[in-house]
Amino acid sequence: MAFRHLLQASLFWLLSYSPAWAAPDRIPVRVGVFENPPIVSAASDAPPEGIAIDVIRWVAEREGWQVTYVPDSFDNLLARLDKGDIDLLAIIAYSDERAKRFQFTQQSLIGNWGMVFRHAEADIHSLPDLKGKRVALMRSGTHSQALIELLRQFDAPFTPVYVDNFPQVMEAIAERRADAGAVNRVFAALHPHQPDLVVTSIVFNPVFVHYAAPKGASPALLAALDRHLEALKADPQSAYYESLRHWLEATSANGVPRWLPWTAAGAGSLLVLALAIAGFLRHQVQRQTGELQRRADQLQSEIEQRIQAQAHLNQLAYFDELTGLPNREGFRIALNQTLTGLQGTNERLALLFLDVDRLKNINDGLGHGAGDLLLKQIAIRLQSVLRAHDQLSRFGGDEFVVIVSEIGDAADAELVATRLLQSLAMPIHIGSTQVYSSASIGIALYPDDATSMESLLKHADTAMYQAKEMGGNRFLFYHAQQTARVVERLTLDTRLRQALERDELLLHYQPIVALGSGNIVGVEALLRWDDPDRGLVMPGAFIPAAEDTGLIVQLGEWVLEAGCIQLRAWQEQGKASGMTLAVNVSTRQFEGARLVKAVQQALSRAGLAPECLELEITENVMLIMNDEVRSSLETLRGMGVRLSLDDFGTGYSSLSYLKELPFHSLKIDRSFVSKLPERGDIQIVTTILALARGLELQTIAEGIETQEQYDFLRDHGCEFGQGYLMSRPQPAGALAPMLGRPLLAGNA
Ligand code: C2E
Ligand code: MG
Ligand code: MG
């Protein structure tokens, strides 16, 4: 704390040398302010303050502005801006609509988005749950408008309860005048809220806030703001970051982030020196000649240059160029220092190792430039949900590490991990493409799991790996057994290769049924590994590893051949007329255009017509969409092979691709089917069905386990389905007697 005050005091003293300070003619600037702490806070009985105000003050001092503040409601301020009653509005979220009405600074002040809080007793978890509820909204706020629009799209009418500012939103919920309410994330992060207010996982409308001026006004004010904002943001030691730290830490316990001392130490000691010299010189200047003034300026500028050079060196050595976050080296210094500080105390710390899921797909599909943009956005999102004393670093590639200090128990680390995952839930715009990202997080605790930096890192990494193996988009705590699993995984590749050679692989088949008639119209081939040591191994345990190593290509070709031969055999026994064989294809099989050849070969070896084969490809194929993949799909379709999109709704889908690509059907992922008929899932499933109808695609529902699910799907126009209700996947021999007759005739 004392350190920060010293820093502020020294900055202030240096600032008072600015020539603008003495400028005689000041430019009057009327700035509209309203209550939106901590960005701007405008109580009627106190001068306004907050991040936006700090920046205005900084610019005003340099540009010779005479600022007067005009506190009013946001709504009224917009009207004043229209009329030119105020010269600037601090702050306003950018929207294309508003850009027609006002001029905006190009530089944003800070990124922000909407979050929904609910009353502890209100049963609200996702957007559709807001239907029919009373929702407190700040009048004319962008987030309010966005939420209204979003709920309209979800066909979820609700009752808005309008208030003037965010604190009133919280009050309305606490007093049960509203069931839920929308605030922005900066407000939410900084304001401790009452225990009966609960944050939901609903986040929406990421926006950036700017300053705005009336449409016809001279652009000079905004240009000055842009110039200063750009310079301030480029320098991690600048007053801008000082202000962010100050306001974003306003509610944290001791205020000083642990990382501040080590990044600012060099600059800090120079500043102390500068303070002393500048103070001395100031005295002299008052008494003496212009010569001294010149020397003072010279000294000061030398000091500033040294500070800048030092900062630049620090930046290169300890920070990642792309995201501006500390790099691996910066992280090491920070963690070492933190750990040293913890020795002999009872304090705990969590290390979160985060790896972005499927970044490789994005790099391959959209190019490395897009991958970089995505990483930058991800870094911003992650940073935005962390507390000021949590330290985020980029470890390289798609890996980030967070040091979460001052935790009570594992649940605190869990909360941070959940927030990090949630921050990635909204799509990220890369140019005109929307990308869905997610991450896998491994958590290691100090001192519970390890006390050294190396072991903590290794354990968090191991847990991350396992989270990834479980499908990603989740966090896992480290457990000692996981180390054993990593070793196991290393040998898995070798063992799988042997399995292929030693004929330990086999296929089970699960019927696909026409829901209307109950007739079997096809089977899906599902890979199994009959491991002599472990017995029957399910694909979830080895396919991800095979995808990593590339062995999936050989496995996939084996499945194609074996499946085609089996279907042909059934056909020859007169058991499979008109039946198709569905085979899962990994996106890795598209590499090098081998797939088309493999399919041709399998069909011709088995003597099977291409129309009998259906390839199931996961939605993520859209991420790697390039000319080669597109042409493989088109060639396959041209041959008569059927194509379906597997696990629809769980990955990345682009509507425009969906329209363009030659798919015949969508398979609705079983995660949506299994929860039917829950409200949220009903909506998702009916939306997918409507979408498929619109695109003239057939639909196959996976994982039907109950009659209720079956009936719901059939009644809502889903044509086909598969699931344990009709039949589990079975070896060919066990399935043979069922072929050729309805499985659930009663449903016809
Ligand atoms: P998938 O393609 O979505 O296959 C459907 C999975 O759902 C199968 O799991 C199946 O046993 C399971 N399932 C079917 N009906 C029900 C049900 O009513 N309830 C529940 N809980 N589950 C049901 P399985 O066989 O473990 O396969 C898992 C995944 O492994 C497959 O998901 C597919 O993505 C992958 N896979 C399987 N065989 C192959 C293969 O030959 N090649 C590739 N690339 N992937 C494969
Ligand atoms: Mg499948
Ligand atoms: Mg599936």
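First listed ligand is number 1; within each ligand, the first listed atom is number 1. Any value given below was found using the heavy atoms of this structure, including those in side chains, with hydrogens, waters and symmetry copies removed.
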Colleague: Any idea which atoms of ligand 1 are less than 4.0 Å away from a heavy-atom of Asp646?
Modeller: 1 (P), 2 (O), 3 (O)

Colleague: Please work out, at 4.0 Å between heavy atoms, whether the side chain, the backbone, both, or neither of Thr618 comes within that distance of ligand 1.
Modeller: neither

Colleague: Side chain, backbone, both or neither: which applies to Met726 and ligand 1 if a contact is any heavy-atom pair less than 4.0 Å apart?
Modeller: neither

Colleague: Quick one: do Glu705 and Arg670 make a salt bridge, cutoff under 4.0 Å?
Modeller: no

Colleague: With the Mg ion (ligand 2) at the center, what angle do OE2 from Glu524 and OD2 from Asp646 span, rounded to 10 degrees?
Modeller: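 Once rounded, the angle between the two atoms at the Mg ion (ligand 2) is 170°.
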
Colleague: Can a non-hydrogen atom of Glu524 be found less than 4.0 Å from any atom of ligand 1?
Modeller: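 Right, Glu524 reaches ligand 1.
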
Colleague: Does ligand 1 come near enough to Glu547 that some N or O of the ligand is less than 3.5 Å from an N or O of the residue?
Modeller: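 Not met; the criterion fails.
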
Colleague: Where is the tightest heavy-atom contact between Ser437 and Ile428, given as atom of each residue plus distance?
Modeller: OG-CD1, 3.8 Å

Colleague: Atoms of ligand 1 less than 4.0 Å from Glu705 heavy atoms?
Modeller: 17 (C), 18 (O), 19 (N), 20 (C), 21 (N)

Colleague: Ring of Trp529, cation from Arg495 - is the NZ or CZ under 6.0 Å from the centre and inside 45° of the axis?
Modeller: no

Colleague: Could you tell me whether Lys667 and Glu619 make a salt bridge, using a distance below 4.0 angstrom between a side-chain N and a carboxylate O?
Modeller: no

Colleague: I need the contact type for Ile543 against ligand 1. Using non-hydrogen atoms and a strict under-4.0 Å cut-off, is it side chain, backbone, both or neither?
Modeller: side chain

Colleague: Run the salt bridge (Lys or Arg N to Asp or Glu O under 4.0 Å) test against Lys468 and tell me which residues pass, sequence neighbours left out.
Modeller: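 Scan of Lys468 (salt bridge (Lys or Arg N to Asp or Glu O under 4.0 Å), adjacent residues dropped) gives Asp355, Asp357.
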
Colleague: Among the N/O/S atoms of Glu616, which is closest to the Mg ion (ligand 2)? Give the atom name.
Modeller: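 Answer by atom name: OE1.
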
Colleague: Looking at Asp461 and Lys458, is there a salt bridge between them, counting it only when a charged N and a carboxylate O are closer than 4.0 Å?
Modeller: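 Looking at Asp461 together with Lys458, the answer is no, because their closest N to O distance does not fall below 4.0 Å.
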
Colleague: Please work out, at 4.0 Å between heavy atoms, whether the side chain, the backbone, both, or neither of Ile704 comes within that distance of ligand 1.
Modeller: backbone

Colleague: As a check for students: among Pro511, Pro539, Gly723, identify the option with a heavy atom nearest to atom 30 (O) of ligand 1.
Modeller: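 Result: the heavy atom closest to atom 30 (O) of ligand 1 is in Pro539.
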
Colleague: Taking only heavy atoms of Ser586, which atoms of ligand 1 are found under 4.0 Å from at least one of them?
Modeller: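 That gives atoms 44 (N) of ligand 1.
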
Colleague: Looking only at heavy atoms, is any part of Val559 under 4.0 Å from ligand 1, and if so is it the side chain, the backbone, or both, or is it neither?
Modeller: side chain

Colleague: Quick one: do Glu572 and Arg568 make a salt bridge, cutoff under 4.0 Å?
Modeller: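 Yes, charged N to carboxylate O under 4.0 Å.
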
Colleague: Please could you name the atoms of ligand 1 that Pro729 approaches to less than 4.0 Å, counting only its heavy atoms?
Modeller: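 Ligand 1 atoms under the 4.0 Å threshold to Pro729: 11 (O).
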
Colleague: For Glu616, take its heavy atoms, then give the atoms of ligand 1 lying under 4.0 Å from any of them.
Modeller: 2 (O)

Colleague: Which option wins on minimum heavy-atom distance to atom 12 (C) of ligand 1: Gln589, Arg670, Arg588?
Modeller: Arg670

Colleague: Going by heavy-atom distance to atom 34 (O) of ligand 1, choose the closest among Ile552, Leu555, Asn584, Leu560.
Modeller: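 Comparing heavy atoms across Ile552, Leu555, Asn584, Leu560, the nearest one to atom 34 (O) of ligand 1 lies in Asn584.
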
Colleague: How does Glu702 reach ligand 1, if at all, at less than 4.0 Å between non-hydrogen atoms: by side chain, backbone, both, or neither?
Modeller: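 For Glu702, only side-chain atoms sit under 4.0 Å from ligand 1.
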
Colleague: Taking the ring of Phe353 and the ring of Phe395, is the distance between their centroids below 6.0 Å?
Modeller: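 Yes; Phe353 has its ring centre under 6.0 Å from that of Phe395.
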
Colleague: Below 4.0 angstrom, N of the basic side chain to O of the carboxylate: do Lys376 and Asp372 qualify?
Modeller: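 Salt bridge flag = no for Asp372 with Lys376.
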
Colleague: Hey, are Gln683 and Thr686 close enough side-chain-wise for a donor-acceptor pair under 3.5 Å?
Modeller: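 Side-chain D/A pair, Thr686 to Gln683: absent.
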
Colleague: Of Gln510, Arg728, Arg528, which has the heavy atom at the shortest distance from atom 25 (O) of ligand 1?
Modeller: Arg528

Colleague: At under 4.0 Å between heavy atoms, which part of His508 makes contact with ligand 1: side chain, backbone, both or neither?
Modeller: neither

Colleague: With under 30° as parallel and over 60° as perpendicular, where do the rings of Trp570 and Tyr509 fit, or are they tilted in between?
Modeller: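 Because their plane-to-plane angle is over 60°, the rings of Trp570 and Tyr509 count as perpendicular.
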
Colleague: Taking heavy atoms and a distance under 4.0 Å, where does Lys667 meet ligand 1: side chain, backbone, both or neither?
Modeller: neither

Colleague: One pair to check against salt bridge (charged side-chain N to carboxylate O under 4.0 Å, His left out): Arg605 and Glu561. What are the steps and the verdict?
Modeller: CA-CA 8 Å; Arg605 281 207 186 146; Glu561 298 232 343; 2.9 Å; yes

Colleague: Can you name the residues that form a salt bridge (Lys or Arg N to Asp or Glu O under 4.0 Å) with Glu719, not counting sequence neighbours?
Modeller: none

